[in-house]
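Note that the coordinates shown come from a computational prediction; the quantities given were computed from them, not determined experimentally.
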Amino acid sequence: MAAGHSVSACLITKTDTNPFFVKMKEGAEAKAAELGIELKSFAGKVDGDHETQVQAIETCILDGAKGILITASDTSSIVPAVQQARDAGILVIALDTPLEPVDAADATFATDNFLAGLLIGQWAKAKMGADADSAVIATLDLNISQPTVDVLRNQGFLQGFGIDLADPNVIGDETDPRLVGSDVTDGNEEGGRRAMENLLAKNPMINLVHTINEPAAAGAYEALKAIGRENDVLIVSVDGGCPGVQNVADGVIGATSQQYPLLMASLGIEAIAKWAAEGVKPEPTPGKDFFDTGVALVTGQPVDGVESISVEEGMNLCWG
């Protein structure tokens, strides 16, 4: 490294509007400032904007970055660009969303997304009690490329609810008669509303909705409210952002699995600093193929057998 040149790093997120990625950026910026690392941030125009992310990686390679933190929109198609960066000596860490295969990145700092889904599935099953056997279920997922984070949450939820999985790497191939279907939301409120409307058109008696994240859940709630069904449909989600936890408090969402994106990003910056100084890569959590940044179920209606934290605790922790 040339004298007088600081260590530089890149953060590449799916969007710069989703509150989850806004918080991730805050965490990266704060830790970079603390450690004297020059940080450049990039984001897709919308969730699923793969090309912008590839261009961002190419820019980071040309800029001589020491490390890249990325939440990939297309977890398999991004791999060749990631390999180019690694070949150039750049440490690449996947945040939140594992690449396919997971070892295409040097490390992954993420929630255990399958566990996040499992917890809300178990909670929903216990909450519905005897009615779980006749549940009418919709899943509001992310996008048609089925990125890993999407598949893990969906399949975790279904398994937690007691639905037999077909191929655990695929959304939508289950045969359980309780499942109305899946639609995609792009992880935003407008998409959530549209997907919910589409699935209600298939079956207006839906009474349980799994959503990929809390913006999608908010959109689903609006679609249900428009037909006067907001009070008799259970919505479960994943994220644990402050607006989402408030939605749990307000009864919009029954329960959500809380993640810690600020922690993911700050740990990622620390790892880049260590790589720059010592050439040492981060290690995964023992027994897992990624570094687990934790998850907690947040609900105002705890159930026996499913560990959870209160809305108040969720508010204190939201995206720290």
message = Tell me if the CD atom of Glu312 is crowded by more than 12 foreign heavy atoms within 6.0 Å.
response = no

Closest heavy-atom pair and its distance - Gly48, Ser73 = N-OG, 3.1 Å

key: Leu39 and its side chain to side chain contact (heavy atoms under 4.5 Å, CB included) partner, picked from Ile272, Leu69, Ile269   = Ile269

message = Testing the 3.5 Å rule here: is there a donor-acceptor pair between the side chains of Asp87 and Gln83?
response = yes

ask   = Do Asp141 and Ser182 meet the criterion of a side-chain donor-acceptor pair at a distance under 3.5 Å?
value = yes

request  = State, to 0.1 Å, how close Gly240 and Cys318 come at their nearest heavy-atom pair, and which atoms those are.
outcome  = O-CB, 3.4 Å

request  = Working to the nearest 0.5 Å, report the span between CD1 of Ile163 and CG of Asn154.
outcome  = 9.5 Å

inquiry  = Looking at Arg194 and Glu197, is there a salt bridge between them, counting it only when a charged N and a carboxylate O are closer than 4.0 Å?
reply    = no

query = So, the side chain of Arg86 versus the backbone of Ala104: is there a donor-acceptor pair under 3.5 Å, distance only?
reply = yes

request  = Evaluate the salt bridge (charged side-chain N to carboxylate O under 4.0 Å, His left out) criterion for residues Arg153 and Asp96: first the C-alpha distance (whole Å), next the side-chain angles of each, then the deciding distance (0.1 Å), finally the verdict.
outcome  = CA-CA 12 Å; Arg153 293 180 189 182; Asp96 173 59; 3.6 Å; yes

Side chain to side chain, Lys14 and Thr97, heavy atoms closer than 4.5 Å = yes

query = Quick one: NZ on Lys66 to CG on Leu91, what's the gap to the nearest 0.5 Å?
reply = 9.5 Å

query = Taking everything shown except Glu307 itself, do over 12 heavy atoms lie less than 6.0 Å from its CD?
reply = no

inquiry  = For a quick test of reading the model, state the closest non-hydrogen atom pair linking Pro282 to Ile93 and the distance between them.
reply    = CG-CD1, 4.2 Å

task = Determine, for Glu190 against Arg193, whether the closest basic-nitrogen to carboxylate-oxygen distance falls under 4.0 angstrom.
result = no

ask   = Got Leu234 and Trp123 here, is their nearest side-chain heavy-atom distance under 4.5 Å?
value = yes

query = For Glu34 and Lys31, what are the C-alpha separation, side-chain angles and deciding distance, and is it a salt bridge (charged side-chain N to carboxylate O under 4.0 Å, His left out)?
reply = CA-CA 5 Å; Glu34 179 190 322; Lys31 185 57 71 172; 3.3 Å; yes

ask   = Which atom names give the shortest non-hydrogen contact between Gly300 and Val248, and what distance separates them?
value = N-CG1, 4.0 Å

inquiry  = I'd like to know if the side chain of Thr185 reaches the main chain of Ala216, judged simply by a donor and an acceptor atom lying under 3.5 Å from each other, with no hydrogens or angles considered.
reply    = no

key: Closest non-hydrogen atom pair between Val184 and Leu142, with its separation   = CB-O, 3.4 Å

request  = Please answer whether the main-chain N or O of Phe20 pairs with a side-chain N or O of Asn18 as donor and acceptor at a distance below 3.5 Å.
outcome  = yes

remark   = Heavy atoms of Asp74 and Ser145 approach each other most closely as OD2-CB, 4.1 Å

ask   = Nearest 0.5 Å, what's the OG1-CG distance between Thr108 and Leu95?
value = 8.5 Å

ask   = Would you say the side-chain atoms of Gln301 pair up with the backbone N or O of Lys127, donor to acceptor, closer than 3.5 Å?
value = no

task = Working to the nearest 0.5 Å, report the span between CD of Glu222 and CD of Glu189.
result = 6.0 Å

key: Ile12 reachable from Val54 in the ILVMFWY side-chain graph, under 4.5 Å edges   = yes

task = Kindly indicate, with the supporting measurements, whether the criterion side chain to side chain donor-acceptor pair (under 3.5 Å) is fulfilled by Thr52 and Lys45.
result = CA-CA 8 Å; Thr52 300; Lys45 297 177 185 73; 3.3 Å; yes

task = Under the side chain to side chain donor-acceptor pair (under 3.5 Å) rule, what do Thr71 and Thr13 come out as? Steps first, then yes or no, please.
result = CA-CA 5 Å; Thr71 54; Thr13 54; 5.1 Å; no

ask   = Is there side-chain contact between Leu200 and Leu224, with heavy atoms separated by less than 4.5 Å?
value = yes

message = With a 4.5 Å cut-off on side-chain heavy atoms, are Asn247 and Thr256 touching?
response = no

Leu119 side chain reached by Val295 side chain, heavy atoms, under 4.5 Å = yes

inquiry  = What's the separation between atom OH in Tyr260 and atom CG in Leu317, rounded to the nearest 0.5 Å?
reply    = 5.0 Å

Lys288 NZ: over 12 foreign heavy atoms closer than 6.0 Å = yes

message = Looking at Lys125, I want to see if its NZ is surrounded by more than 12 non-hydrogen atoms of other residues, nucleotides or ligands under 6.0 Å.
response = no

ask   = Taking the side chain from Lys202 and the backbone from Val180, do they hold a donor-acceptor pair closer than 3.5 Å?
value = yes

task = Taking the side chain as every heavy atom from C-beta outward, state whether Ile78 and Ile57 have any pair of such atoms under 4.5 Å apart.
result = yes

query = For Ala116, does its backbone N or O pair with a side-chain atom of Ser257 as donor and acceptor, under 3.5 Å?
reply = yes

query = Tell me, do Gln159 and Leu118 make a side-chain contact under 4.5 Å, heavy atoms counted?
reply = yes

message = Within the 4.5 Å heavy-atom criterion, are Leu199 and Leu140 side-chain neighbours or not?
response = yes

